[in-house]
Amino acid sequence: MDHRRAESARQVPLTLRRTWETARPGDLPDPAAARAFAFDEPNYQAGAYRDVLLRRWRNALGRTMWDFPGGSTGGNRYLVLGLGTGQAADLEVPPGRDELIAYGPLLSDDGATWLGTAALVRAPDPETARALLTPDRYADIEVHHWQFGGRPS
């Protein structure tokens, strides 16, 4: 790796932190501003991210992830994304909400059309996290390891 690439690699976490300290997508006034926030971001422009999924989301738990009674440490935590097809599914908060950090539907820009479901959950393994959603109601269900505060640097 040449000097410039090595220097750039060291700067990415600091740049990402500064970006998120400046604005958060939930604080933006409309879908166009959210898209500009995501796609005009310097790291996105430089190719640092494989994908960016930008969706409106409704918080069905009525609390922030920081209010999760299980705390921000301990256990395995996952981001579960159910990419919807057809009729809306899993609109009600599932039983066992003690392990749910965040939960709610993914919606179209105008909030009128269900596009899927997103959940942050503490679970023993990815299969248990995936079972939170009804499998035959989604085109795909993705499960990603997740932790409070983002990825380790």
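This chain uses plain numbering: 1 for the first residue, then up along the sequence. As the structure is a prediction and not an experimental result, all values here were calculated from the model.
The stretch residues 76-96 participates, sequence neighbours left out, in no salt bridge (Lys or Arg N to Asp or Glu O under 4.0 Å) pair at all. Sorted by first and then second residue, the ring-ring contact (aromatic ring centres under 6.0 Å, His included) pairs with a member in residues 111-138 read W114-Y138; sequence neighbours excluded. Residue pairs meeting the ring-ring contact (aromatic ring centres under 6.0 Å, His included) criterion with at least one member in residues 52-72, sequence neighbours excluded: W66-F148. Residue pairs that meet the side chain to side chain donor-acceptor pair (under 3.5 Å) test with at least one member in residues 93-105, sequence neighbours left out, are E99-R122. Among residues at least two apart or in separate chains, salt bridge (Lys or Arg N to Asp or Glu O under 4.0 Å) pairs with a member in residues 29-39 are R35-D109.
In terms of modelled atom types and a separation under 3.5 Å, the side chain of D67 and the main chain of T64 share a donor-acceptor contact. Between the side chain of N43 and the backbone N or O of G47, no donor-acceptor pair lies under 3.5 Å.
Taking both residues in full, the closest heavy atoms of L132 and P94 are given as CD1-CG, 3.5 Å, listed atom of the first, atom of the second, then distance. When all heavy atoms of P105 and L91 are compared, the closest pair comes out as CB-CD2, 4.1 Å. Across all their heavy atoms, A102 and L61 have their closest contact at CA-CD1, 3.6 Å. L81 and A118 get closest at one heavy-atom pair: CD2-CB, 3.9 Å. Taking each heavy atom of L120 and M65 in turn, the nearest pair found is CD1-SD, 4.5 Å. Contact detail for A33 and P29: the closest heavy-atom pair is CB-CD, 3.8 Å.
Expressed to the nearest 0.5 Å, how far CG of L79 lies from CD1 of I101 amounts to 10.0 Å. Taken to the nearest 0.5 Å, the CG atom of L83 stands 7.0 Å off from the CG atom of L53. In this structure, D51 CG and E142 CD are separated by 7.5 Å, a value rounded to the nearest 0.5 Å. Going from atom CG of D136 over to atom OG1 of T85 covers 11.5 Å, rounded to the nearest 0.5 Å. In this structure, the separation between CG on L107 and OG1 on T113 is 8.5 Å, given to the nearest 0.5 Å. A distance of 6.5 Å separates CG of L106 from OG1 of T117, quoted to the nearest 0.5 Å.
One hydrophobic cluster holds both V143 and L100 under the rule that ILVMFWY side chains link at heavy-atom gaps under 4.5 Å.
Annotation for R63: atom CZ counts as buried by contact number, over 12 foreign heavy atoms lying within 6.0 Å.
With sequence neighbours excluded, the residues that form a side chain to side chain contact (heavy atoms under 4.5 Å, CB included) with T128 are A123, P124, D125.
Ring centers of Y78 and H145: under 6.0 Å apart, within the cut-off.
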